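Sequence lines set the chain letters: A, B, ... in the order given, protein chains first and strands last, and positions in each chain run from 1. Just so it is clear, the model here is predicted, and its values are computed rather than measured.
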2 protein chains.
Amino acid sequence: MRIGELSRRSGVSVPTIKFYLREGLLPPGELTSPNQADYADAHLRRLRLIRALIDLAGLPVVRVKEVLESLDSDDQALHHRIGAVHRALAPPRQPAEDDGARAEAQVRELIEKRGWTIEPDAPAIGTLAETIAALYALGQGDLAADLDSYADAVERLAEREVAAVASRPDTDRIAESVVVGTIVGERLITALRLLAQEHVSARLLGSAPGDSQSE
Amino acid sequence: MRIGELSRRSGVSVPTIKFYLREGLLPPGELTSPNQADYADAHLRRLRLIRALIDLAGLPVVRVKEVLESLDSDDQALHHRIGAVHRALAPPRQPAEDDGARAEAQVRELIEKRGWTIEPDAPAIGTLAETIAALYALGQGDLAADLDSYADAVERLAEREVAAVASRPDTDRIAESVVVGTIVGERLITALRLLAQEHVSARLLGSAPGDSQSE
DNA sequence: ACTTATGGATAGTATCACTATCCACAGAAC
DNA sequence: GTTCTGTGGATAGTGATACTATCCATAAGT
């Protein structure tokens, strides 16, 4: 297939595809002559993945590139590839605030208590610590007090997700599933959580004290 | 307090604070003379909230403004204010793809089955449908098959979150907690989920078949 | 008196994610 | 075999976003 068809089938404009090729997000097609190249189904799949990472996960292009690179590094153990994907997905670090130390201690304590096997330099540790520190700084530290029930919930989910993903036939598909599951799954959880919040808030607050409608 | 102190205490530069004032993110201080204004603790708190929404949640400035506006509209029932916040937080809609109808039906079915009280135009419905449609398009539809266990997990979390938040003394603090809890809580869940995934993947995949290290 | 800080306005900058345009040439259609 | 659309590759331009920089008259602190 040539670039025009790739564009039509992916919904991505030709100039944008060219841009992704330049940026190295998409591998070049196979040249059949100096100005003619052939693209395969793998290109189409890769393009859809790129759009999902950009549109759904809101990743910047450079980060997409890193994710795809760790996806393509097939000379590592699968678990290590997952780690690489996680590292590429981590949001940029904020300079640690006052509550940083307390928050990080809380995170390490949680990991210890749950017996989780986590590399000590996992980027999510920093992200989590920053987030908890931010909650303290915003005077909402009590929301972080219940970390354990959050951990319960996500551990169950992770259990299912990893199991589902590990059942794929080949490792390349597994790695791709990890990316999609991590990134798109996050949005799925977010949206579902908003729905659940709306339901619960309708029930608990719909006409409760503090409701200006009832006063 | 004057703008210099506000800057020092918040860690936000004076020009940036001026920018937020211009953009209407931060209400103006009380003028004590034509070129001298006084800022209160509320300004400091608001500024920290703004930074959290921008840095932690990655919201663009215009969206932050919308969130703050729905936060300040105190003439509504609390449950409605939560809805307004949710609406302001919704990511921009994507044009629906082929799988859109199927996905939306699946979402409505889930809501019905769980007996959730959700307004039919809740933005999260669209977000969720899009996300599921994207999973189908990426050939990872099976990740969406288990929607119910995701719903279980988030329903429990929402239950705790809304209860925690509803226990605040005054409605303004409740509304602020809703924003912080929704936005920052999301990052908390994300980071925890990554940790849980790493743990589970270490256990299930650390030296499993498909692991190039063991072959 | 004098240095520093302030409120308000206006203009400029860096980054990002594309778009637009150009070119010589390929392939397909007549 | 020529004409017309499509292509790979390169280079330059655009629009949006989130600040920064500068200026000014005036106020506060020393």
note = With the side chain defined as heavy atoms from C-beta on, B:I3 is closest, among C:dA17, C:dC25, C:dG7, to C:dG7
message = With a 4.0 Å cutoff (strictly under), does any side-chain N or O of A:T16 reach OP1 or OP2 of C:dT19?
response = yes
task = Flag the pair A:I189 / A:L157 as yes when at least one side-chain heavy-atom distance between them is below 4.5 Å, and no otherwise.
result = yes
inquiry  = What is the distance, to the nearest angstrom, from the CD atom on A:E23 to the C1' atom on C:dC16?
reply    = 10 Å
remark   = Between B:S33 and B:P60, the residue closer to the 5' end of DNA chain D by nearest nucleotide is B:P60
Donor-acceptor under 3.5 Å (B:Q140 side chain, A:G181 main chain) = no
query = Can a side chain N or O of B:Y20 be found less than 4.0 Å away from OP1 or OP2 on D:dC19?
reply = yes
Verdict with supporting geometry, B:R168 and B:E176, salt bridge (Lys or Arg N to Asp or Glu O under 4.0 Å) = CA-CA 10 Å; B:R168 305 279 133 121; B:E176 197 177 308; over 6 Å; no
inquiry  = As a quick check of understanding, evaluate side chain to side chain contact (heavy atoms under 4.5 Å, CB included) for B:L192 and A:L110, giving each step before the final call.
reply    = CA-CA 10 Å; B:L192 263 179; A:L110 176 84; 3.6 Å; yes
remark   = Taking D:dT26, C:dC25, D:dG29 as options, the one with an atom nearest any side-chain atom of B:N35 is D:dT26
ask   = Nearest-Å distance, NZ (A:K18) to P (D:dT11)?
value = 14 Å
request  = Using a heavy-atom cut-off of under 4.0 Å over every strand shown, decide if A:R51 touches base, sugar-phosphate, or nothing.
outcome  = sugar-phosphate
key: Donor/acceptor link under 3.5 angstrom from A:R22 side chain onto base of C:dT19   = yes
message = Base, sugar-phosphate or nothing for B:L21? Non-hydrogen atoms, less than 4.0 Å.
response = nothing
request  = Take the protein atom CD of B:Q36 and the nucleotide atom C1' of D:dA27, then report the distance between them rounded to whole Å.
outcome  = 5 Å
ask   = Taking the side chain of B:F19 as its heavy atoms from C-beta onward, which of D:dG9, D:dA18, C:dT6 lies nearest to it?
value = D:dA18
query = Phosphate oxygens OP1/OP2 of C:dG7: is one of them under 4.0 Å from a side-chain N or O of B:Y39?
reply = yes
